[in-house]
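Have a look at the structure below before the remarks.
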2 protein chains.
Amino acid sequence: MDKKESLSQHLIDFLSNQILTEMRPNDRLPSERDLMLQFNVSRTTVRNASDKLELSGLVTRMHGKGTFVTKRSESLTNLADLFSFSKTMELQGRTPSDRIIKFKKISADEELIQRLNLKENLNVFEVDRIRMASGKPMMFGKSFLPAGVFEGLTRKQLEENSMYRTFEDDYDVHIKEADESCRASILNDKISNLLDEKPGAACLRLERVTMDNSGRAIEYTISWARADEFNYRIKHLYR
Amino acid sequence: MDKKESLSQHLIDFLSNQILTEMRPNDRLPSERDLMLQFNVSRTTVRNASDKLELSGLVTRMHGKGTFVTKRSESLTNLADLFSFSKTMELQGRTPSDRIIKFKKISADEELIQRLNLKENLNVFEVDRIRMASGKPMMFGKSFLPAGVFEGLTRKQLEENSMYRTFEDDYDVHIKEADESCRASILNDKISNLLDEKPGAACLRLERVTMDNSGRAIEYTISWARADEFNYRIKHLYR
DNA sequence: TTAACAAAGTGGTATTTACCAGTTTATAGG
DNA sequence: CCTATAAACTGGTAAATACCACTTTGTTAA
């Protein structure tokens, strides 16, 4: 049943869980050599895991000193922590809701094929949604889901449950990680209208590719987020 | 004379230069095993260099296929790694330079007093700079430095050395950490002019407070960065 | 001709060993 | 008591080797 997981991935899972549940910012992690012994793996494996944890921003390494839990400062809606829109909004005491304005099966173009790493079945579902918090439109997103993974997906399913919930419950697809990038952009007429904003207003354009446990790309999403509601916060540690 | 440079750094320099001057998007790089032979280094070293190149967005690896030059639209500077503008630009094979367009001592307003946690001496130096990479204006920044920390600071000092270099060498101020936030915004007439862009163009507005070893706030900077050159990349890990 | 399979090529993970480069701490000498 | 220095940490770079997982290509058999 369980997909065999790499040693470094196991370390990543263990450490990130440890960090989030039992450690506090600036706490020091065991040294790489200690982790070698504790988990009976090579230093390469430990460093591999550390690389990923550092990339995800969970830890910060300092030459000669050690590896520490990164401190993240408070934020309005810190995009770095925005893995799930609905969960984040709930956490802020706002009521999240989606309005699906498009749902159809299309054939993937070259870019989609590459992003989702499609093989035989080139059909994808396109889902366009306006995402709201307590009635206020916050972002607009276009998601593309491989039809080969989500066979028989219906609009009704997505209207009744959140997308990630549908992945888990209806298709037994478990999210493992996501690569996201974000840049500044300008709202065009159509999207500004949907977000109740002026055309030409600033926005953040987000792109995300989400992967499941077995490494399949299961979602490619482009979102446009109101500039006045989202930001990124990062803490840099030197030397 | 030569600063000793690691083998992987040498590989990085060579490859990034190669990519920027002689290769086009989607071109394939030599395989890792070929690079081993060409440069007479171990695969560890090749992969180390590849890791960095992938991180910097210059190349994209595909399991079983090869390593390819990333499409230009994806090769933006990752702000999450931009602790130092000049160092980041050098890593990309570009030549960083600053043009100081304002330098004067002013009296801090309420906001500055709070951000820099000023006590008695409310004087601050304001330094406005255009930051360029290989001659192209990349971002505009207004920095505020407590006069109590940097006594007798002159424009000449900043023109001769980088700001952080001046902190270290001339004032023995060692940077420990920085809190940064970023959001989308629109360029106004003045700044768009300085950046050689159109007014109303999208930009990222960055704010940073930098602290030294003793926890003093030593710098507060607001920057406006070209939307077509910078983005944030984040890797989310789910549990 | 075509479908199935094998081989060769790619990046990905892992081990073991060695040494380099910073930081902290213990210790010896004044 | 202090200072210099050595030892013992820390993470960083590098080599050599092996095998796994995925993709392309070439060959073989139906």
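Because only heavy atoms are used, hydrogens play no part in the values below, and waters and symmetry mates are left out as well, while side chains stay in. Just so we're on the same page: letters track the sequence lines, and every chain starts at 1.
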Can you check the [X] [atom1] to [N] [atom2] distance for me, whole Å?
| X | N | atom1 | atom2 | value |
| --- | --- | --- | --- | --- |
| B:Leu35 | C:dG12 | CG | P | 13 Å |
| A:Gln9 | D:dA21 | CD | C1' | 16 Å |
| B:His10 | D:dG12 | NE2 | C1' | 19 Å |
| A:Arg33 | C:dC19 | CZ | P | 13 Å |
| B:Leu7 | C:dC20 | CG | P | 13 Å |
| B:Asn40 | D:dA15 | CG | C1' | 11 Å |
| A:Asn117 | D:dC22 | CG | C1' | 10 Å |
| B:Glu5 | D:dG12 | CD | P | 18 Å |

Nucleotide nearest [X] (side chain, heavy atoms from C-beta), chosen from [options]:
| X | options | result |
| --- | --- | --- |
| A:Arg43 | C:dG11, C:dA18, D:dA14 | C:dA18 |
| A:Val41 | C:dT15, D:dA14, D:dG12 | C:dT15 |
| A:Thr44 | C:dT15, C:dT24, D:dA16 | C:dT15 |
| B:Arg61 | C:dG12, D:dT13, D:dT23 | C:dG12 |
| A:Glu32 | D:dA14, D:dG12, D:dT23 | D:dG12 |
| A:Arg28 | C:dG11, D:dT10, C:dA14 | D:dT10 |

Using a cut-off of 4.0 Å on non-hydrogen atoms, how would the nucleic acid contact of [X] be classed: base, sugar-phosphate, or nothing?
| X | result |
| --- | --- |
| B:Ser8 | sugar-phosphate |
| A:Ser31 | sugar-phosphate |
| B:Thr67 | sugar-phosphate |

Step through it carefully: locate the ring centre of B:Phe125, locate the ring centre of B:Phe103, and say whether they are under 6.0 Å apart. yes
Would you compute the distance between atom CZ of A:Arg216 and atom CG of A:Leu118 and round it to the nearest 0.5 angstrom? 11.5 Å
Taking atom types as they are modelled, is there a donor-acceptor pair under 3.5 Å from the base of [N] to the side chain of [X]?
| X | N | result |
| --- | --- | --- |
| A:His63 | D:dG11 | yes |
| B:Thr45 | D:dT13 | no |
| A:Arg47 | D:dG11 | no |

Give me the ring orientation class for A:Tyr171 and A:Phe150: parallel if the planes are under 30° apart, tilted from 30 to 60°, perpendicular past 60°. perpendicular
Would you call the rings of A:His10 and A:Phe39 parallel, tilted or perpendicular, where under 30° means parallel and over 60° means perpendicular? perpendicular
Polar side chain donor-acceptor pair, B:Asp34 to B:Gln38, under 3.5 angstrom: no
